Amino acid sequence: MCCHRDVKKFLSKCWSSPTLTSWGNYAAQSLRLFLITPLLLTRFDETQIAAWFMFASLGFFGTTIASRFVLSFSRMFAFAMAGQDDLSTIRNARGRPEGHGKPCWGVFADAYGALGILLLLVASLNLLIAFGMGLYGLGNLLEDYRSPLELWWCFAIITVSQFISICFKRYTAALVGMNYVAVNARWGMIMSLLSVSLGAIALTCNASLLVLAIVMQSIVLLVPLRMYLLLRRIEGGRVSRMKTIVWNTQVLKWACGPTVKGFITDLSITGVTQLVCVLYTGIGTDSQVAALLFSVRMAEFAGIMAIVPFTSVQPVMSKLLAAGKTVQLSSIIKQRVLVSVSLFAFAMIAGAILLPFLLDLIDSNIGLLPVDLWLLYGALLVCLRFIYLSLTVVALGNDYPLWVSSLMIIFVAGLGVLVLGDEWGVCGPMFCMTLPSLFIYGLRPMKLARDRLNVCISQLYSKHVVTALAAYLLIGCSIIYS
């Protein structure tokens, strides 16, 4: 009986964990790639497959911009939950008067309504862009196709569902800002599993592409409804009763600057990798490009999963920052940085051992980077973890002071690939993805994180993190020379 209670308590703790539910959400979303894509490739012709992948890119602009607004506003909501009525960028926790500890619902409502306006504008602009892409791309693709009407209906269903989905992302921002991260991630995971499962069943039953679009997009449209019902049960249903469209110039000023600067900073982190890979596709050989793109994709997946322990508690950290509780905040950061860096280092070492074996097992036509280059790439990325996590610490207050440096990194990385060409093989793009950030950012992100929190470096970065880096290098060298 006691054992049964312990198991139930453990499962309940896992079900309520922001980190574990976020991992589950990412894993469920990745099933689209590993389950739906192989079924698509074996059941439809080239035109249908090309059209489906084009549909997937229709919402890239809107989703990217909307995600930045959601992140900025979720932090502002966290400030309001700490009792702050000033939701502007926090550059010094001790320089911001402490809130009274109780949520400031008035300014929360103003921000919620302003987010509604911004997301409506983004969704409308994304609809126009998608319409233009459809007329140009899909029009050319279906010029001589036997049944174009079906794919045009798929296009209409997906673009409309994306419009609705972007408009209602304010529900996600509100839930995360109020620190209901586990609830948001849990239902995201459930809906993703439901969407993928129904899509896989439809494909197994030889359903048409139109049926697949209807099935999967119907689940997408259920997500906002479920989030709204959740908001009616949380915090007395206050948020569900707030006005969704409110023009507030002050709130828009607070939000737009951090969103634009944050978008540029993100480009220097993830966008540089994509830019370098795209440029190298026109330079390297087929085998080099394939190995590089596959290796980068695997490293990106490891990075996404490894940073979850840090990002899953961002609302809590933003709230502590707004309340001026720097000692408690520093303790959380120190612990989460250690976990995130260690997980990423472990994943890269495991990749060096397991991925070549798995690729041989399935008789893959492409390979991983040579093990020594993979581990070198991993070492550079481990060093960049410190920079990225430091930038995230600074961004807890919606502050992005190094956005000009981010623009320089994007320019230098792109220029570097073109200048080096294929002279250094895959080492060229690998260095262009990492060294510009290491040299241009340098130690400034860590110093900014220290200054923002008014603490010493040792309170943010444990000596155990340095130990983790040393262990990575030691194990990596032993793998290379074994």
Side-chain angles (χ1 to χ4, degrees), residues 17-37 56-57 59-60 63-64 66-68 70-71 74 169 172 176 181-182 184-189 191-193 195-196 262-263 265-277 292-315 317 333 336-352 354-355 358 368-369 374 377-393 395-396 406 430 433-434 437 465 468 472:
S17 167
T19 300
L20 294 179
T21 51
S22 296
W23 271 334
N25 192 18
Y26 283 122
Q29 291 176 19
S30 66
L31 286 177
R32 292 176 184 270
L33 176 64
F34 297 114
L35 187 59
I36 297 297
T37 301
S57 64
F60 176 78
T63 302
T64 302
S67 297
R68 285 307 318 175
V70 166
L71 182 58
S74 67
K169 281 186 179 292
T172 298
V176 173
V181 177
N184 180 67
R186 190 160 62 227
W187 279 102
M189 174 179 63
M191 291 299 184
S192 292
L193 287 173
S195 175
V196 171
F263 179 70
T265 303
D266 273 358
L267 284 180
S268 72
I269 298 173
T270 57
V272 161
T273 301
Q274 308 306 322
L275 173 65
V276 169
C277 287
L292 178 68
L293 293 179
F294 177 73
S295 301
V296 166
R297 185 69 189 92
M298 291 297 101
E300 283 182 341
F301 183 74
I304 290 171
M305 300 303 284
I307 205 172
V308 165
F310 194 90
T311 56
S312 62
V313 294
Q314 275 200 68
M317 294 192 290
I333 291 171
R336 296 286 169 155
V337 167
L338 170 62
V339 173
S340 181
V341 172
S342 300
L343 278 176
F344 182 75
F346 174 80
M348 294 300 288
I349 290 172
L354 296 176
L355 286 175
L358 293 174
L368 192 70
L369 288 173
W374 167 266
Y377 182 45
L380 294 171
L381 291 178
V382 168
C383 294
L384 282 175
R385 290 279 110 183
F386 292 104
I387 291 177
Y388 297 160
L389 290 170
S390 298
L391 289 172
T392 306
V393 171
L396 291 174
S406 301
M430 185 177 73
M433 281 185 258
T434 53
S437 294
V465 179
Y472 174 87

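Because the structure is a prediction, the values reported are computed rather than measured. The first residue of the sequence shown is numbered 1, and numbering continues consecutively from there.
Considering CG of L381 and OH of Y388, their distance stands at 7.5 Å, rounded to 0.5 Å. Here OG of S406 is found 7.0 Å from CG of L391. Values are rounded to the nearest 0.5 Å. Atom OG in S340 sits 12.5 Å away from atom CD1 in I333 (nearest 0.5 Å). Between atom CG of residue L389 and atom CG of residue L338 there is a gap of 11.0 Å, rounded to the nearest 0.5 Å. To the nearest 0.5 angstrom, I304 atom CD1 is 11.0 Å from F344 atom CZ. Rounded to the nearest 0.5 Å, atoms CE (M298) and CG (L354) are 12.5 Å apart.
The main-chain N or O of M430 is found under 3.5 Å from a side-chain atom of T434 such that the two form a donor-acceptor pair. Under a 3.5 Å cut-off, the side chain of S195 and the backbone N or O of M191 do not form any donor-acceptor pair.
Applying the side chain to side chain donor-acceptor pair (under 3.5 Å) rule to R385 yields no partners; only residues at least two apart in sequence or on another chain are considered. Remark: S67 engages T63 in a side-chain contact (heavy atoms from CB on, under 4.5 Å) (not counting sequence neighbours).
S437 has its side chain out of reach of V272: every pair of non-hydrogen atoms, C-beta onward, lies at least 4.5 Å apart.
What you find for K169 and A66 is that their closest heavy atoms are CD-CB, 3.9 Å. What you find for Y377 and M433 is that their closest heavy atoms are OH-SD, 3.9 Å. Closest heavy-atom contact between P309 and R336: O-NH1, 2.7 Å.
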Step-by-step side-chain contact (heavy atoms from CB on, under 4.5 Å) determination, V393 to F310: CA-CA 10 Å; V393 171; F310 194 90; 3.7 Å; yes
